[in-house]
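Comments concern the structure below.
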Amino acid sequence: MATTETLPVHDSHRANVAIIGTGLAGLTTAYLLHNDDKKQYAVTLFEQVRYVGVTRTDPSLAQADSLSFDSASIAVKNDKTNVAERIDLPMRALAGGYYANVLRMYHYLRIPLHPVRFLFVFAKAFSISDTSTNKTDSANSGRGYVGATSGTYFVHASNMHQMLPPWPGTRSILSHIAEVVYLIVCYFWFSMACFMITPSSKGKSSESFAEYLERIQIPRRYVSHYLLPLMSSVSTCSHDELLAFPASDVVNYKKLSTWQQHYTVCGGVRQVQGKLVEGLQDIRLNARVVEVVAPKANQSGVAIRWQSKGEASSQVVEQTFDRVILAVSPDVAGSIFDPLRSALRRIPTVRVESSVLCPETDKGERETLKLENVETVERLACSHHLEESFPPQVITLRTRFSEATGSRTEALHTMPTGVVVSTCPLDGAAEMKRSLQTAWFTRTLRTAESRAVVEEIMGTSAELTTEAGRAGWVNGEDNVWLAGAWCWDGMVLLEGCVVVKSDFAVGFVGGIVFVLALAAILSVTLIRTTDRYGLDHWKLNLDTPLKSMWMNVGYWRNAQGEPILRFEEACAALLQQILNSSGLLDKDAAKNPKGSALAILDLGFGCGDQTWELTRLCKRAGWTDFQYVGLTLNEAQVQSAQRRIYREVADGNIEGLKAESFTIFRANAAKPETWNNRVAEVVNSLKDEKFAETWLLALDCLYHFSPSRRPIFKYASSQLDAHVMVFDLFLNENASTWETIKIRAIGVMMGCPVRAFLTEEQYINELVECGYEKESIVIRDVSEHVFPGLVEFLDRQERALAEYGISLGGFKLAQRLFNWFAKSKVVKPVIVVARTKGK
């Protein structure tokens with residue numbers, strides 16, 4: 001029977017932090033905390049070894065006592081060619097655009113990288129015994145011989161480094177040309193869809209990749225024979241499992257990785273691991289964590305119960321830490337931390353096999369390969385340095401197509417030494433005979449439900465100003481934090497380990513340590529690559545915090561009819577015009593017999609300027625009791641607005657105003673049915689009878705609402721009995737067919753629904769159908785005071801910034817678009833006010 005021994009906390013002067021798991025997420029977290037400038041943390045690492053490795057040829061070279069990140073990798077030498085290399089398991093190649101933060105960190109750590117090109121050989125697996133990809137011919141395919149694999153039907157060069165796809169030799173030239181034309185059409189079809197058609201949501205579930213593919217009507221053969229084999233090899237899962245991913249995961253990967261160079265670490269990720277743990281003293285290997293115990297009401301600290309796997313004794317040791325970080329897969333986190341057990345059961349995981357295989361010649365003879373100690377390989381030349389221009393590496397994607405059991409793809413990566421790295425084997429038992437090393441690791445799968453679970457746990461939709469009403473355990477509660485690739489909103493790859501939510505750092509330093517560290521990494525990178533004698537020091541002359549962070553099209557005339565020249569003044573003027581149209585700023589508006597209590601639901605509130613200006617104007621108009629709820633999709637704007645509100649309240653700039661008057665959320669205002677219980681509860685509280693007036697405000701955002709404005713209008717009318725005051729864009733009823741097509745296409749590129757722009761009549765009908773009184777609807781055409789002034793401002797700003805070498809960037813294109821709006825009048829900027837039938 002296990003016994004328990006309690007150990008004291010080992011450092012009373014610094015916060016003691018335990019990190020369970022030594023993958024990239026755990027090691028990066030340890031590095032950031034250990035290298036904190038103020039030396040506030042004593043870091044302890046616990047590792048049980050996540051990868052279960054089997055070394056076939058020489059058991060003495062197995063890494064039983066090692067950190068997880070590099071535990072399954074091996075060093076191989078080809079005696080015939082004298083080529084030696086460190087082979088990572090699983091394979092880790094980084095696409096420049098998608099892995100931007102990982103690459104920045106590697107650059108900061110001075111990790112040498114190699115650009116690498118790939119030839120993807122798409123092949124059909126005819127039978128279980130088909131293992132021809134392990135033959136020497138396949139190994140040589142990167143050096144000029146392509147198509148030796150039986151069942152090959154196409155060869156694709158990564159990011160088109162070969163503009164003419166290599167002929168696989170398994171079909172006629174004419175058939176090959178026809179296939180190339182077909183793939184060009186499908187490739188651009190899918191690419192354009194990814195950049196122009198945003199994945200949507202239904203209820204509380206995200207649109208799956210399968211639903212998205214159905215919606216964009218991409219040819220099924222392209223999906224089954226090309227897209228799914230390639231993407232399932234990236235995410236190491238079956239085709240059916242990939243189709244269940246949230247569509248946004250795959251679409252974002254596609255958008256960020258298109259035309260980007262791939263990189264691998266010179267000498268393997270062992271170098272990264274070594275840099276990250278440098279200086280760490282308390283590393284406990286072979287330590288199996290049995291349980292993480294949250295502190296009780298009258299206790300402080302988090303208890304970890306663990307035992308050493310290397311000892312014969314079954315004694316369980318208990319030690320208390322100030323903070324605990326779970327940098328493990330969700331199945332492990334749920335098994336050791338009880339508050340997460342129920343939620344994490346809803347996140348699926350699978351066991352993935354990856355092996356290093358010794359290739360065979362056509363005669364069935366094995367190549368002369370052997371495992372080496374790491375130190376021996378490090379003394380030899382890296383395989384990538386042997387030639388000035390190293391040929392592309394071949395990755396064969398062998399797919400077994402099956403409607404009955406589901407299609408699966410095995411990735412076989414031929415390395416420079418000739419060995420083949422197999423991932424997700426179709427016949428693992430057969431490949432074991434050639435295996436130099438086999439490892440198994442846990443892959444966390446993404447689904448619409450698991451995405452919702454992660455968002456709930458990480459608190460990305462939680463209310464920011466109060467902890468009340470929250471359902472379930474949230475990251476950081478009980479001084480326990482989560483870190484890992486599965487904790488971010490994206491595919492579960494290495495990038496997620498670095499861009500993991502940094503909430504755990506808030507509890508440590510009262511700020512976001514992780515973000516600051518990444519900022520430091522980026523700063524070092526920029527310093528090394530920037531001309532320090534240029535004009536970039538304009539950034540040093542900015543006064544912070546910035547005076548304003550407004551963002552709308554503005555109203556470019558003041559009350560005296562004079563032109564407004566400053567952007568923030570024009571933005572504030574547009575808000576004031578909306579409030580004037582609603583009557584809220586009338587002299588006697590706040591002298592309502594029902595009282596002077598006002599409730600506002602603000603959609604797309606920006607970075608706090610709109611919130612505070614709205615508050616100032618309403619307070620000045622006599623609305624003494626003011627309640628504000630804001631919704632936005634952008635987390636950065638939530639954080640910025642919160643800082644602005646707290647700063648203004650703390651400074652006492654409006655007498656008698658408290659922070660409790662403001663509640664802001666990250667939530668999709670276009671889809672009220674997706675709101676969590678806390679959001680719905682707070683929004684519905686605005687219907688309280690104590691409020692004399694309840695209003696829905698939407699300033700320059702409604703045309704982005706997908707699928708339409710109708711759901712939020714209907715909700716505001718039926719659930720809140722709220723009036724509406726908005727700035728929006730109408731489609732000119734006199735616009736030609738061609739102009740209408742153009743504006744709808746432009747809208748789609750801006751991320752708007754196809755029918756985002758309605759005519760005045762259509763808009764009025766929609767409001768009436770949602771419960772607003774037709775006679776109460778007021779529409780003001782403000783065309784003359786919006787786009788012309790905005791275009792002139794952008795022109796002035798471009799010329800002014802050019803003197804300092806600063807470009808307007810994407811706003812240049814916006815300037816041309818607004819100029820077309822101003823001249824063609826195809827859309828009309830309008831202010832709309834509507835009152836409910838009940839009032």
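The first residue of the sequence shown is numbered 1, and numbering continues consecutively from there.
Centroid-to-centroid, the aromatic rings of F665 and W675 stay 6.0 Å apart or farther. The aromatic ring centroids of Y253 and Y98 lie less than 6.0 Å from each other. For Y763 and F730, the ring centers are positioned less than 6.0 Å apart.
Between atom OG of residue S661 and atom CG of residue L598 there is a gap of 11.0 Å, rounded to the nearest 0.5 Å. Interatomic distance, CE of M549 versus OG of S640, reported as 5.5 Å (0.5 Å rounding). Note: N101 CG to L94 CG = 11.5 Å, rounded to the nearest 0.5 Å. Taken from NZ in K619 to CG in D625, the straight-line distance is 7.0 Å, to the nearest 0.5 Å. Rounding to the nearest 0.5 angstrom, the gap separating the CD atom in E569 from the OG atom in S548 is 9.5 Å. Interatomic distance, L633 CG to N668 CG, rounded to the nearest 0.5 Å: 4.5 Å.
Side chains of Q576 and L585 form a contact here, defined as non-hydrogen atoms less than 4.5 Å apart. Counting only heavy atoms from C-beta outward, the side chains of W623 and E693 approach each other to under 4.5 Å. Between Y772 and R835, every side-chain heavy-atom pair lies at or beyond the 4.5 Å cut-off. Using a 4.5 Å heavy-atom threshold, the side chains of R709 and D728 count as touching. Between L326 and I336 the shortest side-chain heavy-atom distance falls below 4.5 Å. Using a 4.5 Å heavy-atom threshold, the side chains of P330 and T349 count as touching. For the pair V679 and L631, the minimum side-chain heavy-atom distance is below 4.5 Å. The side-chain heavy atoms of P348 and S450, taken from C-beta on, include a pair separated by under 4.5 Å.
Between the R744 side chain and the F757 main chain, a donor and an acceptor come within less than 3.5 Å of each other. Of the possible donor and acceptor atoms, one in the side chain of T674 sits under 3.5 Å from a partner among the backbone N and O of K671. Panel note: side chain Y212, backbone V250; no donor-acceptor pair is recorded below 3.5 Å. Between the side chain of Q719 and the main chain of A716, no donor-acceptor pair closer than 3.5 Å is present. Without hydrogens or angle criteria, D688 side chain to K690 main chain gives a donor-acceptor distance under 3.5 Å. Looking at R443, its side chain does come within 3.5 Å of a backbone N or O of S235 through a donor-acceptor pair. T694 places a side-chain N or O within 3.5 Å of a backbone atom of L686 that can act as its donor or acceptor partner. Judged purely by atom type and a 3.5 angstrom limit, W612 has no side-chain atom pairing as donor or acceptor with the backbone of R616. Under the 3.5 Å distance criterion, the side-chain polar atoms of W486 are matched with a main-chain donor or acceptor of V328. Judged by distance alone, the side chain of S717 and the main-chain N or O of F713 form no donor-acceptor pair under 3.5 Å.
Looking only at atom types and distance, the side chain of D700 has a donor-acceptor partner in the side chain of Y703 under 3.5 Å away. No hydrogens or angles considered: a donor-acceptor pair under 3.5 Å links the side chains of D331 and S329. A donor-acceptor pair shorter than 3.5 Å can be found between the side chains of D602 and Q610. Between the side chains of Y31 and D36, not a single donor N or O lies within less than 3.5 Å of an accepting N or O.
Heavy atoms only, all atoms of each residue included: W695 and V724 are closest at CZ3-O, 3.5 Å. Nearest heavy atoms, L344 versus A333: CD1-CB, 3.7 Å. When all heavy atoms are compared, the tightest approach of A659 to V649 is N-CG1, 3.9 Å. Taking each heavy atom of L213 and L243 in turn, the nearest pair found is CD1-CD2, 3.9 Å. The two residues I664 and A641 make their nearest non-hydrogen contact at CD1-CB, 4.2 Å. Of all the heavy atoms in S206 and P246, the pair that sits closest is CB-CB, 4.3 Å.
Of the charged side-chain nitrogens involved, none lies within less than 4.0 Å of a carboxylate oxygen, so that E211 and R215 do not count as a salt-bridged pair. In summary, D721 and K687 do not engage in a salt bridge, as defined by a charged side-chain N under 4.0 Å from a carboxylate O. Between D249 and R451 there is no salt bridge, since no side-chain nitrogen of the basic residue lies less than 4.0 Å from a carboxylate oxygen of the acidic one.
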Can you check side chain to side chain contact (heavy atoms under 4.5 Å, CB included) on L603 and F705, steps first, answer last? CA-CA 10 Å; L603 311 182; F705 276 33; 3.9 Å; yes
Using side chain to side chain contact (heavy atoms under 4.5 Å, CB included), reason through L340 and I457 one step at a time and then give a plain yes or no. CA-CA 9 Å; L340 280 173; I457 292 173; 3.8 Å; yes
In sequence, state the C-alpha distance, the side-chain angles, and the governing distance for C487 and M458, and then conclude on side chain to side chain contact (heavy atoms under 4.5 Å, CB included). CA-CA 7 Å; C487 297; M458 301 308 292; 4.2 Å; yes
Show the numbers, then the answer: is there a side chain to side chain contact (heavy atoms under 4.5 Å, CB included) between N677 and E681? CA-CA 6 Å; N677 292 337; E681 177 188 349; 5.9 Å; no
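Checked against salt bridge (Lys or Arg N to Asp or Glu O under 4.0 Å), R620 has no partners two or more places apart in sequence or in another chain. Residues satisfying the salt bridge (Lys or Arg N to Asp or Glu O under 4.0 Å) test with R346, not counting sequence neighbours, are E449. In terms of the salt bridge (Lys or Arg N to Asp or Glu O under 4.0 Å) criterion, residue partners of E766 (sequence neighbours excluded) are, by chain and number, R710.
The number of heavy-atom neighbours closer than 6.0 Å to CZ of R755, taken from other residues, nucleotides and ligands shown, is 12 or below. For CD of E214, the number of neighbouring non-hydrogen atoms (other residues, nucleotides, ligands) closer than 6.0 Å is 12 at most.
When each of N479, L482, L33 is tested with I325 by the rule side-chain contact (heavy atoms from CB on, under 4.5 Å), just one qualifies, namely L33.
The aromatic rings of Y628 and F662 lie tilted to each other, with the angle between the two planes from 30° to 60°.
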